[in-house]
Protein chains: 2
Amino acid sequence: MSKKILYVVGIGPGSYEDMTLRAIYALEESDWIVGYTVYCDLVRPHFEDKEYISTPMMTEEKRVRMAFEKANEGHAVSLVCSGDAGVYGMAGLALSMRPEFLDVEVKVIPGVTAALSGASVLGAPLIHDFCLISLSDRLTPMELIEKRLRAASKADMALVLYNPESKSRSGYLAHACDVLLENIEPERVCGIVKNIAREGECKSVMTLSELKNADADMFSTVFIGNSTTKNINEFMVTARGYKSEG
Amino acid sequence: MSKKILYVVGIGPGSYEDMTLRAIYALEESDWIVGYTVYCDLVRPHFEDKEYISTPMMTEEKRVRMAFEKANEGHAVSLVCSGDAGVYGMAGLALSMRPEFLDVEVKVIPGVTAALSGASVLGAPLIHDFCLISLSDRLTPMELIEKRLRAASKADMALVLYNPESKSRSGYLAHACDVLLENIEPERVCGIVKNIAREGECKSVMTLSELKNADADMFSTVFIGNSTTKNINEFMVTARGYKSEG
């Protein structure tokens with residue numbers, strides 16, 4: 001095989017059914033599949049004849065470089081990302097590194113990010129304008145995260161929060177709720193989805209004040225409604241606008 | 001057939017390959033497919049044995065009600081939305097109307113919205129926090145749209161703009177650029193994608209001041225980078241954060 005191609009593939013929330021056909025075709029065409037151990041394990045049962053490089057501990061730069069090097073040897077390689085390849089995924093690093101590997105073609109294949117898959121479980125929280133914000137301060141100063149939370153809430157935009165908590169970052173969701181409560185009423189309709197499209201999927205709809213004390217982990221995605229969002233039979237439903245259709 | 005089920009299905013940007021397997025299965029299972037004429041025409045070649053209700057002129061409420069009524073007669077029905085079902089899609093209306101049709105089960109099936117598919121064409125503009133804002137003022141006051149544009153730009157969030165222009169709303173993109181230029185430098189890296197995953201797909205990367213005078217239409221999706229976004233070989237690439245990984 002002499003095709004030097006790197007697919008950066010969003011595999012969606014984790015279930016085979018939530019992959020796009022384009023993502024499936026890319027993985028089928030690939031000789032090598034590269035990714036975090038947990039994402040490799042999600043696709044492996046459906047693509048058993050592939051060679052895998054799964055890297056639990058390495059930095060992302062090293063992983064992307066390994067994928068390029070393998071492609072540069074003359075292989076088709078898929079770098080798998082959970083959700084979408086371009087939302088907190090590897091597409092940016094791959095395109096930044098591409099000038100070092102100009103013989104390798106790079107194709108970004110989009111996928112269903114947790115904002116969309118989580119929203120479909122909760123109902124329709126993001127039917128109108130929204131902001132997607134990660135609470136991880138590993139590469140972003142907390143002051144900027146707080147500024148974005150305030151900006152979104154003052155402009156009445158619905159919010160999706162990625163990475164609300166992890167073992168090393170406990171209390172982050174409660175802190176974010178405190179920042180939001182500066183501008184949003186405590187009764188605002190909110191929701192959490194855990195383990196989207198995987199074993200143990202569950203959702204709960206609650207108020208913003210309840211969200212502050214809710215359990216969340218690194219497999220949780222958090223949604224804060226805008227001022228029009230209602231709890232309809234335990235589904236979060238945001239209005240399509242602020243005027244009536246007439 | 002006596003299954004009373006309404007699938008609200010995000011079909012992605014329009015190409016069969018960009019549908020998820022779950023969306024394909026829902027359409028295969030359905031007796032009836034309901035949607036805008038243009039979306040019905042996109043799926044019809046792949047699901048030829050279905051009954052279609054395509055409604056070019058009706059309001060969305062009427063279309064959703066027709067889908068419920070057909071499901072309530074004992075059918076499996078798919079209400080198709082371009083992109084995602086829950087981002088400016090029909091999921092919210094369907095869940096709002098469901099209390100009138102409690103015998104009908106509603107399932108929302110997410111899809112790849114234009115923010116993600118467009119981003120994959122342009123590179124990786126949305127790799128970090130971002131806001132999705134529609135420029136349509138049909139159901140939202142322009143003052144609120146402007147407030148959101150200012151909020152996003154002041155908090156250095158990347159932006160995706162849906163519905164930048166249409167025949168009846170010309171000059172909206174230029175106006176939005178003027179609002180953004182209050183807080184963003186004219187050299188900011190921006191991009192437009194047209195006809196994503198359809199005949200005539202094209203992308204262009206440009207500055208914010210060039211964006212102000214660019215051609216856009218109802219099939220265009222517009223991206224504004226954050227302060228870290230670079231033009232790398234005509235791809236928009238946003239950094240994964242503001243700190244180095246060390």
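Since the model is a prediction, treat every value here as computed from it, not as a measurement. Letters A, B, ... mirror the listed sequences (proteins, then strands); counts begin at 1.
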> Check each atom of A119(B) against the heavy atoms of chain A and say whether the ones under 4.5 Å are side chain, backbone, both or neither.
neither

> Are L139(B) and H128(A) side-chain neighbours, meaning at least one heavy-atom pair lies under 4.5 Å?
no

> Got more than 12 heavy atoms from elsewhere within 6.0 Å of CE, M218(A)?
no

> Among V8(B), L95(B), V160(B), single out the residue with the greatest number of heavy-atom pairs under 4.5 Å to chain A.
L95(B)

> If you tally heavy-atom pairs under 4.5 Å against chain B, which of Y162(A), Y16(A), F130(A), F235(A) wins?
F130(A)

> Would you call E234(B) and K203(B) a salt bridge, taking side-chain N to carboxylate O under 4.0 Å as the test?
no

> Tell me if the NZ atom of K194(A) is crowded by more than 12 foreign heavy atoms within 6.0 Å.
yes

> Please classify the contact between D18(B) and chain A as side chain, backbone, both or neither, with a heavy-atom cut-off of under 4.5 Å.
both

> Could you tell me whether the side chains of N163(B) and Y172(B) share a donor-acceptor contact shorter than 3.5 Å?
no

> Taking every heavy-atom pair that is under 4.5 Å apart, which of V121(B), N233(B), V112(B) has the most such pairs with chain A?
V112(B)

> Sort out for me which of R148(A), M157(A), E17(A) touches chain B most, counting heavy-atom pairs under 4.5 Å.
R148(A)

> Looking at S134(A), P99(A), A152(A), which has the largest count of heavy-atom pairs under 4.5 Å with chain B?
S134(A)

> Among P110(B), G10(B), A158(B), which residue forms the greatest number of heavy-atom pairs with chain A at distances under 4.5 Å?
P110(B)

> For the candidates A239(A), P141(A), A85(A), which exhibits the highest count of non-hydrogen atom pairs separated by less than 4.5 Å from chain B?
P141(A)

> Quick one: are I127(A) and V87(B) in side-chain contact, heavy atoms under 4.5 Å?
no

> Which bit of K154(B) comes within less than 4.5 Å of chain A, counting heavy atoms only: side chain, backbone, both or neither?
backbone

> Between T238(B) and N226(B), do the side chains contain an N or O donor and an N or O acceptor separated by less than 3.5 Å?
no

> With a 4.5 angstrom heavy-atom cut-off, could you sort out which part of I145(B) is near chain A: side chain, backbone, both or neither?
neither

> Which one of E29(A), K107(A), R22(A) satisfies the side-chain hydrogen bond (donor to acceptor under 3.5 Å, both in side chains) criterion with Y7(A)?
E29(A)

> For the interface with chain B, which of A155(A), A151(A), S15(A), G241(A) has the highest count of heavy-atom pairs at distances below 4.5 Å?
A155(A)

> Hey, does M19(A) have a side-chain heavy atom less than 4.5 Å from the side chain of H46(A)?
no

> Is L132(B) close to chain A through its backbone or its side chain, or both, or neither, when contacts mean heavy atoms under 4.5 Å?
both

> Mind ranking V237(A), I133(A), I232(A) by heavy-atom pairs under 4.5 Å with chain B and telling me who comes out on top?
I133(A)

